[in-house]
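Letters A, B, ... are given to chains in the order of the sequence lines, protein chains preceding strands, and every chain is numbered from 1. Because the structure is a prediction, the values reported are computed rather than measured.
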Protein chains: 2
Amino acid sequence: MKPAHIAETEDCRQISQMLSRVGDKWSMLVVTYLGEEGMRFSELRRGIGNISQKMLTTSLRNLERDGFVKRTVLPTSPPRVDYELTDLGRELLVPVAGLADWTRENVHRIETARKEYDLLHKP
Amino acid sequence: MKPAHIAETEDCRQISQMLSRVGDKWSMLVVTYLGEEGMRFSELRRGIGNISQKMLTTSLRNLERDGFVKRTVLPTSPPRVDYELTDLGRELLVPVAGLADWTRENVHRIETARKEYDLLHKP
DNA sequence: CCGTATCCCCGCAGATACTG
DNA sequence: CAGTATCTGCGGGGATACGG
């Protein structure tokens, strides 16, 4: 009812969506590959290595729709399609890198916690 | 083969895991609820509102295993179980908040991109 | 009150084959 | 080369019932 409350839940929805996009299997991998330089579809596919054509297409579409990736079709034959990050995409990389850095710095603590937990609960 | 390369892919695995944990449906919601103060299971359940008992349990177990959440069983009758963030959990909240803030600041750009995309591709 | 076990449904993701 | 279409399996996650 209260505007503040509505705004809060709205924000939560958006942030939740964002976390999902960031957390899904391929999106951030694609984005980091594109971070280095624009690439065509097949370069990206080979670079990532394990991704199916379908999932790469889907990921790129989602990222394009959200404005993180720009798609350019070169009218050559055979067709050539280039992908690159937009400004928004590059900016997104900043907070994501923050999370990545934090993870790198704290993997040990996490793994230690896991070992301890497993030690107490698995046997 | 090269140590650097191995480290890189290892890091990627870890970071990818972290992004998944952060991006999964309930984890961060639980963590932000706990951020405010320790809570017992049922409070958490009611607070979040839409989560099933199963998923709340699962989320809490995962978070506990990774060392983000501490679980305390009070030997009363009926039993009472309290959850609270660990130091690690609270620290995690920092980079996550960074991403959340970035999202809040850029929702309009994302939604604008979506509308434009849908306008061009849906009809 | 808290947790586990069981069942079941739905959507994601891989494989494959086909079009522009 | 890039993308779509179709099929299928597998696992996440909800509902329910029961145990400690």
Item to check | Per-nucleotide protein contact string for nucleotides 7-17 of chain D (B base, S sugar-phosphate only, - none; heavy atom under 4.0 Å) | outcome: ------BBB--
Checklist outcome for this item: Residues in residues 38-47 of chain B with a heavy atom under 4.0 Å of DNA chain D, by number, are none
Using distance only, find each side-chain donor-acceptor pair of residues 84-94 of chain A under 3.5 Å and give its atom names and separation, not counting sequence neighbours.
| from | atom 1 | to | atom 2 | distance (Å) |
| --- | --- | --- | --- | --- |
| A:T86 | OG1 | A:G67 | O | 2.6 |
| A:T86 | OG1 | A:F68 | O | 3.3 |
| A:T86 | OG1 | A:L88 | N | 3.3 |
| A:T86 | OG1 | A:G89 | N | 3.0 |
| A:D87 | OD1 | A:R90 | NH2 | 3.0 |
| A:R90 | NH1 | A:L85 | O | 3.3 |
| A:E91 | OE1 | B:R109 | NH1 | 2.7 |
| A:E91 | OE2 | B:R109 | NH2 | 3.2 |

Checklist entry - Going by heavy atoms closer than 4.0 Å, what residues in residues 66-84 of chain B are next to DNA chain C? => result B:R71, B:P78, B:P79, B:V81, B:Y83
Checklist entry - In whole angstroms, how far is the C1' atom of D:dC1 from the CG atom of A:L56? => result 13 Å
Checklist entry - Pairs in or reaching into residues 25-44 of chain A: which pass salt bridge (Lys or Arg N to Asp or Glu O under 4.0 Å), with residues at least two apart or in two chains? => result none
Item to check | Heavy-atom side-chain contact between A:L74 and A:D82 under 4.5 Å | outcome: yes
Checklist outcome for this item: Here the distance between atom C1' of D:dT4 and atom CZ of A:R61, to the nearest Å, is 10 Å
Checklist entry - What pair of heavy atoms forms the shortest contact from B:R104 to B:V107, and how long is it? => result O-CG2, 3.1 Å
Checklist entry - Are the side chain of A:Y83 and the backbone N or O of A:L60 linked by a donor-acceptor pair below 3.5 Å? => result no
Checklist entry - Taking atom CD of B:E116 as the centre, does the number of heavy atoms from other residues, nucleotides or ligands within less than 6.0 Å exceed 12? => result no
Next on the checklist: Would you compute the distance between atom CG of A:D101 and atom CG of B:D11 and round it to the nearest 0.5 angstrom?
Outcome noted: 10.0 Å
Next on the checklist: If I compare all heavy atoms of A:S59 with all of A:W26, which pair ends up nearest, and what's the gap?
Outcome noted: OG-CB, 3.6 Å
Checklist outcome for this item: In short, A:T103 meets B:Q14 closest at the heavy-atom pair CG2-O, 3.9 Å
Next on the checklist: Suppose the criterion is salt bridge (Lys or Arg N to Asp or Glu O under 4.0 Å): which pairs have a residue in residues 52-67 of chain A, not counting sequence neighbours?
Outcome noted: A:R21-A:D66, A:R65-B:D118, A:D66-B:R114
